[in-house]
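Predicted, not measured: the structure shown is a model, and the values here were computed from it. By convention here, the first residue in the shown sequence is residue 1.
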Amino acid sequence: MRFTHEDDAWSVVAVRVAEGYPGAGGEVTAVGNLAGVQPGEHLRLTGRWRDHARWGRQLEVESFLPVAPSTVAGMERYLGSGLVKGIGPELAARIVRRFKTETFEVLDRHPRRLAEVEGIGRVRSARILEAWKRQRDIREVMVFLQGHGITPALAVRIWKRYGARSQAVLRENPYVLAEDVAGIGFHTADAIARKLGVAEDAPERLEAAALHALSEAADDGHVWQPRDSVAAACARLTGAGERLCREAIAALAARGALALEECAGEPLAALPRLAAPEQAAAAVIARLARARPPAGPVDTGASIAAFETSTGITLSARQREAVQAACTSRLLVITGGPGTGKTTLVRAIVDALDRQGVRVLLCAPTGRAAKRLAEATGREAKTIHRLLGWSAGGFQRNAGSPLEGDTVVVDETSMVDIALFQGLLQALPADGRLVLVGDRDQLPSVGPGAVLGDLIASGVVPVVRLDEIFRQARASAIVVGAHEVNAGRVPAFSADDTGDFFFVERAEPERAVDTILDLVSSRIPRKFGLDPRRDIQVLVPMQRGSRSVSRARQRRVPCR
């Protein structure tokens, strides 16, 4: 055994070729997931040969079967190899000398007979048998799993999750693999289940397919799905009828494995882990929308005038309206496209609240957005996770330990998913205020839930829409182009080097890469006075093609 990784049992082993095979008596190197394999074991390996650039010829193991030695000498080497904790070479020799070819049968079926061996008492015998049983369980599970087409890598994960119960769990319901074991989805679990003889219309199969359909919808950003759409997806996955799939959905809902609600006369389904935070968030939003305005007189006119005097900025009528709403409401959404003055407005709101003695907390969903918010306001801004005190056990700030502030301002709210939003609302003080800022056409959240868009569309939350592009922003073709795209029109690109928004067409991939290198290293830095490594990002595909990240790194393009 040359190397073994503890987490996934990926190993590099030296194997001596048995008699009767090509190269008998020689040694080869085998690599792969070899859970439970120990020095001295006899194995039947299946795989393919490859020539490693550094390590030479190797056998990449795709599956393996332990083969118990049948000779006395083989049994002695096997037991004395360190495979069974507590048995070394000397003790192995005494055990095999006493039981000869019946040694393994004694360990499996008549363990009390170990006491017949000199030097083995009750305590030592119990330790040896426990170690023997563990190794036997691992071997049996590996043989069982690989016999049903499961790769050694997945077999290791299954063993780590269920241990000696692996066979029983899989025989009872192999679809739990999709929920419990990383790297195993519905399709892999289904293939295993079919090899185990699970019927095409088995309830557990249809239920797993319905949950898989909801998980795929969640990957696309959806919390809820029409029940009939889920049933149709289930039917496509399994080949079963939609009626049976609807029955499976009802069974899942009956035991709480799936949320089922009716909206506008249509039944909707969702995964409980997503439905619960959305329902909790909706309850808090409804409470904030109904809540009374903060007590006390608020002179926003004087605050706005003081801000304009100190900054030399004149707010638009819509921006003044937003400052007024932020100072007198418990909940406000501010939305607008690029160049419409959202950043200036946030500065004005924070300044006005400061003048009223209101404690303001600033946050954003990403580190970069929080940094921009801090730079724009001159105040500390944190990521939402940091604000809430994220740790492995969850958020430290919650209903029992709320945030220490009066108003929370969230920037780039379009990137906030439903789980994070619910966590933030839970930590909001009972009399706290919330200002949400964002562009609904900007980057969506990675996790499920269209928080900003749904709040705007609800009609329940007060919304200030900024739609005027300010003069300074109009000088940027990027800003104007973004609004053109949102309006469904083809944007106008800059025709010469005086602009900042270009479309450069190249037919061949290599020419495209050369153009990117020229833009990044020469033209853009020269025009805008930027550092090519610090200030410029190139967005490209991750892995494939000549314009991918891997190829760009070879050519030293600063991709991120």
Side-chain angles (χ1 to χ4, degrees), residues 179 182 185 211-226 229-230 258-259 261 263 268-289 331-337 342 346 361-373 381-399 402-403 408-428 432 434-458 460-461 463:
E179 300 175 38
L211 293 175
H212 176 70
L214 283 173
S215 293
E216 286 200 319
D219 290 342
D220 291 335
H222 304 294
V223 175
W224 295 88
Q225 283 284 285
S229 295
V230 178
L258 176 149
E261 299 287 345
C263 181
L268 303 176
L271 297 171
R273 64 179 174 83
L274 300 178
E278 184 174 89
Q279 290 165 337
V284 175
I285 290 296
R287 176 176 61 78
L288 289 174
L331 175 64
L332 178 67
V333 170
I334 298 170
T335 186
K342 295 191 299 296
V346 170
L361 301 175
L362 301 177
C363 62
T366 68
R368 179 162 295 184
K371 182 180 179 182
R372 286 200 306 266
L373 183 58
K382 300 178 179 179
T383 64
I384 300 175
H385 282 85
R386 186 178 167 209
L387 181 70
L388 298 179
W390 169 257
S391 68
F395 294 126
Q396 302 303 306
R397 294 292 184 179
N398 48 48
L403 294 167
V408 177
V409 177
V410 186
D411 199 12
E412 300 288 3
T413 309
S414 66
M415 292 191 285
V416 179
D417 64 31
I418 188 60
L420 184 57
F421 188 57
Q422 191 267 339
L424 179 64
L425 292 178
Q426 189 178 36
L428 194 69
L434 184 64
V435 178
L436 305 172
V437 184
D439 178 358
R440 65 181 302 174
D441 297 314
Q442 258 292 357
L443 288 172
S445 61
V446 174
V451 170
L452 182 63
D454 287 349
L455 289 174
I456 293 171
S458 70
V460 173
V461 179
V463 178

Val435 and Val346: side-chain contact (heavy atoms from CB on, under 4.5 Å), yes or no, with the steps? CA-CA 9 Å; Val435 178; Val346 170; over 6 Å; no
Approximate separation, where rounding is to 0.5 Å, of [X] [atom1] and [Y] [atom2]:
X: Gln225; Y: Glu216; atom1: CD; atom2: CD; answer: 10.5 Å
X: Leu425; Y: Asn398; atom1: CG; atom2: CG; answer: 13.0 Å
X: Asp454; Y: Arg440; atom1: CG; atom2: CZ; answer: 8.5 Å
X: Glu412; Y: Thr366; atom1: CD; atom2: OG1; answer: 7.0 Å
X: Thr413; Y: Ile384; atom1: OG1; atom2: CD1; answer: 7.0 Å
X: Asp411; Y: Leu373; atom1: CG; atom2: CG; answer: 5.0 Å

Would you mind reporting whether [Y] and [X] have side-chain heavy atoms less than 4.5 Å apart?
X: Ile456; Y: Leu452; value: yes
X: Val230; Y: Leu258; value: no
X: Arg397; Y: Leu387; value: no
X: Asp439; Y: Ser414; value: no
X: Thr335; Y: Leu436; value: no

Between [X] and [Y], what is the shortest heavy-atom contact and its length?
X: Ser445; Y: Gly449; answer: OG-O, 3.0 Å
X: Pro448; Y: Ala218; answer: CG-O, 3.5 Å
X: Pro277; Y: Ala419; answer: CB-CA, 4.4 Å
X: Ala270; Y: Val223; answer: CB-O, 3.2 Å
X: Ala364; Y: Ala370; answer: CB-N, 3.6 Å
X: Gln422; Y: Ala281; answer: CG-N, 4.1 Å

Pair Leu211, Leu271 - check side-chain contact (heavy atoms from CB on, under 4.5 Å), show working. CA-CA 7 Å; Leu211 293 175; Leu271 297 171; 4.0 Å; yes
Parallel, tilted or perpendicular: which describes the rings of His385 and Trp390, with under 30° parallel and over 60° perpendicular? perpendicular
Under 3.5 Å, is there a donor-acceptor pair between the side chain of Lys342 and the main chain of Gly336? yes
List the steps, then state whether side-chain contact (heavy atoms from CB on, under 4.5 Å) holds for Cys363 with Val410. CA-CA 5 Å; Cys363 62; Val410 186; 3.7 Å; yes
Stepwise side-chain contact (heavy atoms from CB on, under 4.5 Å) test for Leu388 and Leu403: CA-CA 8 Å; Leu388 298 179; Leu403 294 167; 4.2 Å; yes
Could you verify whether a donor N or O on one side chain and an acceptor N or O on the other, from Trp224 and Glu261, lie under 3.5 Å apart? no
